[in-house]
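Below you'll find the structure, written out as structure tokens, and then a few comments.
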Amino acid sequence: MRTAEMIASSPAQTGVDPELLARTIDALVACAQTCTACADACLSEEMVAEMRACIRTDLDCADVCDTTARVLSRQTAYNAEVTRALLQACIQVCRTCGDECASHADRHEHCRICAEVCRACEQACAELLAAIG
């Protein structure tokens, strides 16, 4: 992805470390994609009814991560309060989704992968949140 290049090319500056911002956006996009794919894979499992909570959590996480990535990508008229709120929500939903997927990881490889990606995204969001105070 060319996230860092796009951030560097913007005439608007937020005062946020551009490399940390780019890494976080990339982690958010990866998490949204992985959660979407995990939900789809869950729908293909024979015992799909047992995967309902996982599917719902995957889709919630994908939506929150996608929205957060989109908002963080906007540099003009940066609003730290909105950024903090979105990062806090993302940390929570990634933790919840990571826990849910981890509970299925021994039976479903897609859930194992998703849990790992959620944990990485949670960490990236926490680092950015700490940096913006």
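Every heavy atom of this structure was used, including side-chain atoms; hydrogens, water molecules and symmetry mates were not.
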Residues, nucleotides or ligands: over 12 heavy atoms within 6.0 Å of Arg70 CZ
no
Could you please spell out the steps behind the side chain to side chain contact (heavy atoms under 4.5 Å, CB included) verdict for Cys35 and Cys114?
CA-CA 6 Å; Cys35 288; Cys114 191; 3.6 Å; yes
Apart from Ile55 itself, what residues make up its hydrophobic cluster when side-chain heavy atoms of I, L, V, M, F, W and Y under 4.5 Å apart count as a link, directly or indirectly?
Leu43, Val48, Met51, Leu59
Please check if Tyr78 and Leu128 belong to a single hydrophobic cluster, counting links between Ile, Leu, Val, Met, Phe, Trp and Tyr side chain heavy atoms closer than 4.5 Å.
yes
pair Cys90-Cys65: side-chain heavy atoms closer than 4.5 Å:
yes
To the closest 0.5 Å, what do you measure between CG (Leu72) and CG (Asp26)?
11.5 Å
Ser10 side-chain N/O to Ile7 backbone N/O, donor-acceptor pair under 3.5 Å
no
Contact check, side chains of Asp58 and Cys97, non-hydrogen atoms, under 4.5 Å
yes
Does a donor on one side chain sit under 3.5 Å from an acceptor on the other, for Gln92 and Thr96?
yes
Passes side chain to side chain contact (heavy atoms under 4.5 Å, CB included), Cys42 versus His110? Steps please.
CA-CA 8 Å; Cys42 287; His110 53 87; 3.5 Å; yes
Could you check whether any side-chain heavy atom of Glu116 comes within less than 4.5 Å of a side-chain heavy atom of Arg119, counting everything from C-beta outward?
no
So how far is it from Thr24 OG1 to Gln123 CD, rounded to the nearest 0.5 Å?
10.0 Å
Please round to the nearest 0.5 Å and tell me the distance separating atom CD1 of Ile132 and atom OG1 of Thr14.
9.0 Å
What's the spacing between Ile25 CD1 and Cys125 SG if we round to 0.5 Å?
10.0 Å
What's the separation between atom NE2 in His104 and atom SG in Cys38, rounded to the nearest 0.5 Å?
8.5 Å
Report whether Leu21 and Leu86 are members of the same hydrophobic cluster (ILVMFWY, side-chain heavy atoms less than 4.5 Å apart, transitive linking).
no
Same apolar cluster: Leu87 and Val29, side chain cutoff 4.5 Å:
yes
Would you say Cys61 and Cys31 make side-chain contact, with heavy atoms under 4.5 Å?
yes
Between Arg112 and Glu109, does any side-chain N to carboxylate O distance fall below 4.0 Å?
yes
Do Asp99 and Arg95 pass the salt bridge (charged side-chain N to carboxylate O under 4.0 Å, His left out) test, and can you show the C-alpha distance, the side-chain angles, and the key distance before you say yes or no?
CA-CA 6 Å; Asp99 289 348; Arg95 182 177 300 127; over 6 Å; no
With heavy-atom distances below 4.5 Å as the criterion, would you say the side chains of Arg23 and Leu20 are in contact?
yes
I'd like to know if Leu28 and Leu129 are part of one continuous hydrophobic network [Ile/Leu/Val/Met/Phe/Trp/Tyr, side-chain heavy atoms within less than 4.5 Å].
yes
Atom CZ in Arg56, atom SG in Cys54: separation rounded to 0.5 Å?
13.0 Å
